[in-house]
Amino acid sequence: AREILHSSQMLMDKLQAQLRAENEIEKLKFSISTGRFYPNYVSIKKNSDNTAYKLYIDGRKEKLDNVTLTVYDSGSKFNVWTPLYHNVAIFLKDRGVSSSTAFAVENSLKDWYDKDDNSNLNGAESYFYKDILGTNYLPRNFNGVQSIYEWHAVRGLIDNKTFDLLKPYLILTPHWHSNLNTMDAQMLEAMLDISPDTAKELVSLRDSKGFLDTSDIKRITGRVGNLDIIGFFPSFTLDIRAVSVFNKAKADVECEINFKPDAKTPFKVLKWIE
């Protein structure tokens, strides 16, 4: 009877933690949809006193009662639906991956997405996966990937250590553009192909100034071109994670929501994970 009572209490605690996490996200849906977006935060109002506060969308943790929120703008990560092959390779090299492996990843990703079966140099098409690796899968040869974990099957990223370096920086979303104002130093290195020290300088400037713009990038990096894929404002698609603890139970809820309104709705839930 004691074990049954303990199990019942744990289940109730788990449900309570789940409800708290989901309730916080439900409140955020509406407050963000009526808020105002800035380069790295959303100005929203608290329901209790109607005062505005900043909800940062660059991955900072925010504690609200018993719920910890982490909100990322999708523009702070690599979108697997519109892969930036060369920048992914730079990211991996900056994290200590060998140049040969990073080059293989770059070209194998190209082969994964392109519509032919002709391998790029050090890339991988059906011959590599079927005859060399002996796997039961072939490259997709189409840009409609279904998950960030699909990249784990690509040559160069099959190794857990290499893929785990990249995994926190991947997102799958149909609404994306880069945002230098929500990227961390590692992403800034990869997107701008700059040194760690220069990336830290940009982060420091962003923290003091509040945002970066094209003139900041040109002045600090010396770059005047190749900024066509660079953005400085949110994509309006947020990855929201709510972690709630109640007694000894914990619930972890994650969702991806697009806050670009249309005639029917102020937001669209793109993904929900419990």
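Atoms considered below: every heavy atom in the structure, side chains included; atoms not considered: hydrogens, waters and symmetry mates. Positions are given from 1 along the sequence.
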Do [X] and [Y] pair up side chain to side chain, a donor and an acceptor below 3.5 Å, judged on atom types alone?
X	Y	answer
His86	Asp193	no
Asp197	Ser195	no
Glu150	Gln146	no
Asp73	Ser235	yes
Glu256	Thr173	yes
Asn40	Asn181	no

Hydrophobic cluster membership, with links at side-chain heavy-atom distances under 4.5 Å among I/L/V/M/F/W/Y: are [X] and [Y] in one?
X	Y	result
Val253	Val269	yes
Trp81	Phe91	yes
Ile194	Tyr169	yes

In terms of relative ring orientation, are Tyr113 and Trp151 parallel, tilted or perpendicular, with 30° and 60° separating the classes?
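Tyr113 vs Trp151 ring planes: perpendicular.
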Can the ring centroids of Phe211 and Phe232 be said to lie less than 6.0 angstrom from one another?
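So the answer is no for these two rings.
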Aromatic ring proximity Phe236/Phe37, centre distance under 6.0 Å:
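When the ring centroids of Phe236 and Phe37 are compared, they turn out to be within the sub-6.0 Å range.
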How would you list, by chain and number, every residue that makes a ring-ring contact (aromatic ring centres under 6.0 Å, His included) with Phe103, sequence neighbours excluded?
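Applying ring-ring contact (aromatic ring centres under 6.0 Å, His included) to Phe103 gives none.
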Looking at residues at least two apart in the chain, or sitting in another chain, which of them share a ring-ring contact (aromatic ring centres under 6.0 Å, His included) with Trp112?
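Scan of Trp112 (ring-ring contact (aromatic ring centres under 6.0 Å, His included), adjacent residues dropped) gives Tyr129.
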Side-chain hydrophobic cluster, 4.5 Å single linkage: members besides Tyr38:
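Tyr41, Tyr56, listed by chain and number.
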Test of understanding: with side chain to side chain donor-acceptor pair (under 3.5 Å), list the residues that count as partners of [X], not counting sequence neighbours.
X	answer
Glu125	Asn141
Asp262	Lys268
Asn120	Asp111

Any side-chain to backbone donor/acceptor pair from [X] onto [Y]? Under 3.5 Å, distance only.
X	Y	answer
Ser204	Lys200	no
His175	Lys260	no
Asp117	Ser126	yes
Ser108	Ala104	yes

Quick one: do Lys248 and Asp13 make a salt bridge, cutoff under 4.0 Å?
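Looking at Lys248 and Asp13, the cut-off is not met.
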Do you know the tightest heavy-atom contact between Thr221 and Leu202?
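That would be CG2-CD1, 4.3 Å.
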